[in-house]
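Bear in mind the structure is a predicted one, so any value in this text is a computation, not a measurement. In the text below, chain A, chain B and the rest are named by the order of the sequence lines, each starting its count at 1.
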Number of protein chains: 2
Amino acid sequence: MNKNPFLEYISKFITLTPKEETILLSKIVQRNYLKDQYIVQQGDVCKTANFIISGCTKTYYIDLEGQEHIVMFSIEDWWSSDLGSFITQTPADFNVQCLENTKLIQFNYENLEELYKEIPKLERLFRKIVERAYVASQKRIIRNFSLPAKERYKIFNATYPKINQRVPQYLIASYLGITKEFLSKIKNQLVSK
Amino acid sequence: MNKNPFLEYISKFITLTPKEETILLSKIVQRNYLKDQYIVQQGDVCKTANFIISGCTKTYYIDLEGQEHIVMFSIEDWWSSDLGSFITQTPADFNVQCLENTKLIQFNYENLEELYKEIPKLERLFRKIVERAYVASQKRIIRNFSLPAKERYKIFNATYPKINQRVPQYLIASYLGITKEFLSKIKNQLVSK
DNA sequence: AGTAAATATTAATCTAGTTTAACATTATTT
DNA sequence: AAATAATGTTAAACTAGATTAATATTTACT
């Protein structure tokens, strides 16, 4: 029905007047990134909240041993930034990098603060979005503790089949908290059964 | 300065007029639970958001093998409920049980929805609270993957010294995702070094 | 089409953390 | 004060998953 995929998405949470939509659109920017480009780099302050129109990103953390740990993947209709860095405007713990050419809508930090003043309803929108994200994050912690890797992989596959198809397996292994070798073994076991 | 510890807490995020404070206070209930009492039970719909005035709770999940997994501990000035159940009003995945006699402020689901209408500023309050909780949750996932148990325990101890003193070690082990026996070994190693 | 780079598999060896089980200590109740 | 329940420790045997290293396979580039 709706023109803009972002307005479409928003309409699941709140209803904006045409005037509010205009204000909102005036304060956001659409931007294209190429595969492998960084949206956020560890150590930089994350200045934007990013809504993905198309494409795919990985959010990851490089530990003291130089190892990469995937925090999340993001695809169409989801968000992608270092929220901790964004809300506190302090250096990012995470990197966000494009796994595909990616088109996204960006909220600049200052613009978003202004938007909250102009359209208080947006507080509700983001409250609801973050609530959901938080709940998913808690459930992931529990899964990591209470299920063996094979089960976690099956759930990942069932929950995000699109991501599983688009993303290399060594990154999925990292997301699941296991090595690529062990994921390979698990997949073998699942097939040969 | 402030009379009520909950209003005190809120004032860190938003400023309410005296009138708004009155409305808010009229829609919340203070309640006392005894040690071991349940605030939420797995399978029930969580009807309240609970802010702890004093005391301590554990939020946990019983897995298919009957094993308990600690999701979080909550003490004074923090929240304690199954947020997933609360926001969707569907059966809870988690139990919330008091580890001490606990005094808390309860927001009933319907009351909170009304409050959001009457005091839209509260959307901002809860947006900010959940943002912080989400960020902490993401960081916990990363720590669980990138650090060995001994480091996780040290960080837990440094971050929540109060909780570490008040809560039995087998529950802390569960929170860290390890067995009580292994935590005992770790503590021994830390002392004897 | 041919080569290099990126991704995936396999298998042997190793280790962080589990399991089991027995015992020690600390609280709580009567 | 004794008895019981709850919590904590120790140690041996075990396992899920890591590490290392060699080899395949797929993808992208010239």
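- Distance CD (A:E68) to P (C:dT7): 10 Å, rounded to an integer number of Å.
- Rounded to whole Å, atom P of C:dA11 lies 12 Å from atom CD of A:Q189.
- The minimum heavy-atom distance between A:R152 and A:L176, with the atom names listed, is NH2-O, 2.6 Å.
- Ion pairing of B:K180 with B:E68 is absent here, as no side-chain N (NZ or NE/NH1/NH2) approaches a carboxylate O to less than 4.0 Å.
- For the pair B:N144 CG and C:dA16 P, the interatomic distance rounds to 17 Å; values are reported in whole Å.
- The shortest distance between the side-chain N/O atoms of A:N188 and the OP1/OP2 oxygens of C:dT9 is not below 4.0 Å.
- Using a 4.5 Å cut-off between side-chain heavy atoms of Ile, Leu, Val, Met, Phe, Trp and Tyr, B:I141 falls into a hydrophobic cluster with A:I141, A:F145, B:F145.
- The side chain of A:S184 lies closest to C:dT9, out of D:dT10, D:dG8, C:dT9.
- With respect to B:K128 and B:E131, no salt bridge is recorded, no charged nitrogen being found less than 4.0 Å from a carboxylate O.
- Screening A:Y116, A:F126, A:F51, A:F86 for a ring-ring contact (aromatic ring centres under 6.0 Å, His included) with A:F107, the sole residue that qualifies is A:F126.
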Review item, nucleotides 11-18 of chain D N/O atoms under 3.5 Å of protein N/O:
from   : atom 1 : to     : atom 2 : distance (Å)
D:dG17 : OP1    : A:A149 : N      : 3.2
D:dA18 : OP2    : A:T179 : N      : 3.1
D:dA18 : OP2    : A:T179 : OG1    : 3.1

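- For the pair A:L99 CG and D:dT27 P, the computed distance is 16 Å after rounding to whole Å.
- Distance CZ (A:R166) to C1' (D:dT27): 18 Å, rounded to an integer number of Å.
- The pair A:K154-A:E151 counts as a salt bridge, with a side-chain nitrogen and a carboxylate oxygen less than 4.0 angstrom apart.
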Pairs under 3.5 angstrom, nitrogen or oxygen only, protein versus nucleotides 28-30 of chain D, please.
none

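- Among all heavy-atom pairs drawn from A:K121 and A:L16, the shortest one is NZ-CA, 4.2 Å.
- Between A:E181 and A:K185, none of the side-chain N atoms (NZ, or NE/NH1/NH2) sits under 4.0 Å from a carboxylate O, so this pair counts as no salt bridge.
- Computed from coordinates, the A:K187 NZ to C:dT10 C1' distance equals 15 Å when rounded to whole Å.
- Distance CD (A:E100) to C1' (C:dA6): 16 Å, rounded to an integer number of Å.
- Taking the ring centre of B:Y60 as origin, the terminal cationic atom of B:K58 falls inside the region bounded by 6.0 Å and 45° from the ring axis.
- When rounded to the nearest whole Å, the span between CD of B:Q67 and C1' of C:dG17 equals 13 Å.
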